[in-house]
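To start, the structure itself, in structure tokens.
These numbers come from a predicted model, not from an experiment.
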Amino acid sequence: MQKLMRKAFLMLTIFFGSTAFYGQTTPTADLNDLINDAVYFTDRYITPMTDAAVYQASSNWMVSTKLRKLGQVTGGVYFNTFFVPNRDRTFNLSNTEMRNLQIKDAGLTPMVMQSALGSDQQTTLEGRIDLGIDFGGVQAFTLDTPQGVGQETITYPYAMASVGLWKGFEVSGKFSAHVQLVHGDYQVWGAGLKHNLGQYFKTTNPKNRLDSAVMFSYCNEVVSFDLFKSTNSLAQSLLSGIERLQGVVSTYQLQWNFSKNWNKFEFMGGIIGNYSDFEYKVMGSDNSMITTTDGETLNTKLNNRFKTIAKSKYNLIGEVSCRYHIYKYLYAQSAFAFGKFTNLTAAVQVEF
């Protein structure tokens, strides 16, 4: 009952005191500084993970360079393993880089923060907001930084299938359900179109033939993590509606692969070039009790500000692969992608 009365009092205070809260310069400045700090921290926290998501989704799109017959189907279950590099697990942050939020007991000394690829270690941040003289003046609050995946490798399964079309074309699609990470989740889906180039280069000795193909694909990767946490009642009211952070990556990819057959093996190498758009947003119950003078919730304000850190990136990735014909319709394949990150894919496939 006491807890309910405190919550009701806080809601009434913020609702009836909205003119005093946001009608003054100082509270609005506090809130804007808080939003700027949150966006700045979040950008540095989530970017290594969204960069990694591009590599996870880029590998093993091309099952084989071979010319497919019309209606020929290949389907498989894939296991993708991303090796988390040490350099992207943490980042340095100093209190001089933020205007409202401050690292507790850090002074001017830069501190090591965990990125989304880092450990579950948390750091306490301190902030303030001016509620006006009638409502207690400047109030302090604390936040705990979000946690990383806390894993040396990130593995997720997905399904992929392709169908042979006319004139050396082949269409493919991949999909994974939401894969639960230690402190977040991941999902990917996409489609691609391959065209065999080997059909245009005839050879008198098929055994010495070096086959090749090109492929264009689109992939959508979504990563989500729990955001700031706090046991402080004021901080909880600020965080209402922004409990979770989501990064959405749209990747457009062009690749060229070549292959050589040897007995039951097909060895393949390739070059991948892709372009990715990165967008971020916060999610939650969207019932924040904190609103601005224009009636927007903190959730809406943050998402509008996140548009300013949306970015685009290019990647050049190398890939080597080996496919083995086990028996009749059954195949096994592994692919290794390398560049800024390294990524390994293993698959069991059927082909008919």
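In this view, Phe79 and Val77, Pro157 satisfy the side chain to side chain contact (heavy atoms under 4.5 Å, CB included) rule, not counting sequence neighbours. Partners of Tyr218 according to the side-chain hydrogen bond (donor to acceptor under 3.5 Å, both in side chains) rule, which considers only residues two or more places apart in sequence or in another chain, are Ser250. Partners of Lys104 under the salt bridge (charged side-chain N to carboxylate O under 4.0 Å, His left out) rule, at least two apart in sequence or in another chain, do not exist in this structure. For Phe169, the ring-ring contact (aromatic ring centres under 6.0 Å, His included) partners are His195, not counting sequence neighbours. Applying the side chain to side chain contact (heavy atoms under 4.5 Å, CB included) test to Lys66 and every residue at least two apart in sequence or in another chain returns Ser64, Asp211, Asn261, Glu266. Every side chain to side chain contact (heavy atoms under 4.5 Å, CB included) that Tyr324 has, sequence neighbours left out, goes to Lys264, Phe265, Ile326. With sequence neighbours excluded, the residues satisfying side chain to side chain contact (heavy atoms under 4.5 Å, CB included) with Val348 are Leu330. Qualifying side-chain hydrogen bond (donor to acceptor under 3.5 Å, both in side chains) partners for Ser276, counting only residues two or more places apart in sequence or in other chains: Thr251. By the ring-ring contact (aromatic ring centres under 6.0 Å, His included) test, Phe201 pairs with no residue at all, sequence neighbours left out. Under the rule for a ring-ring contact (aromatic ring centres under 6.0 Å, His included), the partners of Tyr186 that lie at least two apart in sequence or sit in another chain are Tyr156.
Judged by distance alone, the side chains of Gln114 and Thr145 never bring a donor and an acceptor atom under 3.5 Å apart.
At least one donor-acceptor pair under 3.5 Å links the side chain of Arg44 to the backbone N or O of Asn92. Listed for the Asn80 side chain is a donor-acceptor partner under 3.5 Å among the backbone atoms of Gln56. Under a 3.5 Å cut-off, the side chain of Asn95 and the backbone N or O of Thr109 do not form any donor-acceptor pair. At distances below 3.5 Å, at least one donor-acceptor pair connects side-chain atoms of Asn100 with backbone N or O atoms of Arg128. Asn257 places no side-chain N or O within donor-acceptor distance of the main-chain N or O of Ala213, the cut-off being under 3.5 Å.
For the ring-ring contact (aromatic ring centres under 6.0 Å, His included) condition, the pairs that include at least one residue of residues 48-67, sequence neighbours left out, are Tyr55-Phe341. Applying the salt bridge (Lys or Arg N to Asp or Glu O under 4.0 Å) rule to pairs touching residues 48-62 yields Asp51-Lys313, Asp51-Lys340, sequence neighbours excluded.
Classification of the Phe267-Trp262 ring pair by plane angle, with boundaries at 30° and 60°, yields tilted.
Annotation: Phe83 is not in aromatic contact with Phe338 [ring centroid separation under 6.0 Å not met].
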